[in-house]
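This report concerns only the one structure given below.
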Amino acid sequence: MKMQMTKVRIKVADYDSLPERAGQAVTVNGENIVLFRISNGEVKAVENRSPHRKGGTLADALVSGNFIYCPVYDLKISLDDGKVQAPDTGEVKTYPVEVIENEVYITI
C-alpha cells in the first residue's frame, strides 16, 4: 500500500519584508528554500540548491524577470518551472506560493 503524502500550506514570510529582486532563504520542514519577490510583485520559491554538480546555494542569485542566475556557475534558471536554460542542463524544485493579504505561504 502506497502512503499518500499530505501537502501543507505554511506561512514563510511577510510580503513587506521580502526584498525586491533578491533572495530570502527560509527553512521549512527541514527543506532549504529561497523566496524571490520579482519586479512584477509576484513571489516565487525554489529549493536553495544550485543544480550544478558542484552544488552551492541560490539565495544570492541575480534576478532578471522570471529567471535567476546562479551566483557561482551563472546557470540561468526559470522561477516558473525550475528548469535550467539551454545550453546548460539541470533543474531545481519549485514550490507553489500564495500571498494572502501581507502573508506569504508555500505549499510543501
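Here the structure is a predicted model, which means the values were calculated and not measured.
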### Query
Roughly how far apart are Ile106 CD1 and Lys44 NZ, rounded to 0.5 Å?
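Here the rounded value is 14.0 Å.
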
### Task
To the nearest 0.5 Å, tell me how far Phe36 CZ sits from Leu18 CG.
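Rounded to the nearest 0.5 Å, the CZ-CG separation comes out at 11.0 Å.
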
### Task
Test Ile38 against Leu79 for side-chain contact (heavy atoms from CB on, under 4.5 Å), laying out the working first.
CA-CA 10 Å; Ile38 58 178; Leu79 288 171; 3.6 Å; yes

Testing the basics here: between [X] and [Y], what is the closest heavy-atom pair and its distance to 0.1 Å?
X: Val12; Y: Val26; answer: O-CG1, 3.9 Å
X: Ser78; Y: Gln85; answer: CB-NE2, 3.8 Å
X: Arg21; Y: Ser39; answer: CD-CB, 3.8 Å
X: Pro51; Y: Ile77; answer: CD-CD1, 3.7 Å

### Task
Output, in order, the C-alpha distance, side-chain angles, deciding distance and verdict of side-chain contact (heavy atoms from CB on, under 4.5 Å) for Tyr15 and Arg37.
CA-CA 8 Å; Tyr15 182 81; Arg37 182 170 144 193; 3.4 Å; yes

### Task
Could you list all the salt bridge (Lys or Arg N to Asp or Glu O under 4.0 Å) pairs where at least one residue sits in residues 87-96, not counting sequence neighbours?
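Found Glu31-Lys93, Lys83-Glu91.
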
### Query
Which one of Leu58, Val84, Thr57, Val72 satisfies the side-chain contact (heavy atoms from CB on, under 4.5 Å) criterion with Ser50?
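For Ser50, the side-chain contact (heavy atoms from CB on, under 4.5 Å) check succeeds only for Leu58.
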
### Task
Could you give me the CA-CA distance, side-chain angles and deciding distance for Asn48 and Ile33, then say whether side-chain contact (heavy atoms from CB on, under 4.5 Å) is met?
CA-CA 5 Å; Asn48 191 14; Ile33 298 168; 5.8 Å; no

### Query
With sequence neighbours excluded, what pairs up with Asp74 under the side-chain contact (heavy atoms from CB on, under 4.5 Å) test?
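Scan of Asp74 (side-chain contact (heavy atoms from CB on, under 4.5 Å), adjacent residues dropped) gives Tyr69.
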
### Task
Using the test side-chain contact (heavy atoms from CB on, under 4.5 Å), find all partners of Arg9 that sit at least two apart in sequence or belong to another chain.
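Result, side-chain contact (heavy atoms from CB on, under 4.5 Å) vs Arg9: Glu98, Ile100, Tyr105, Thr107.
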
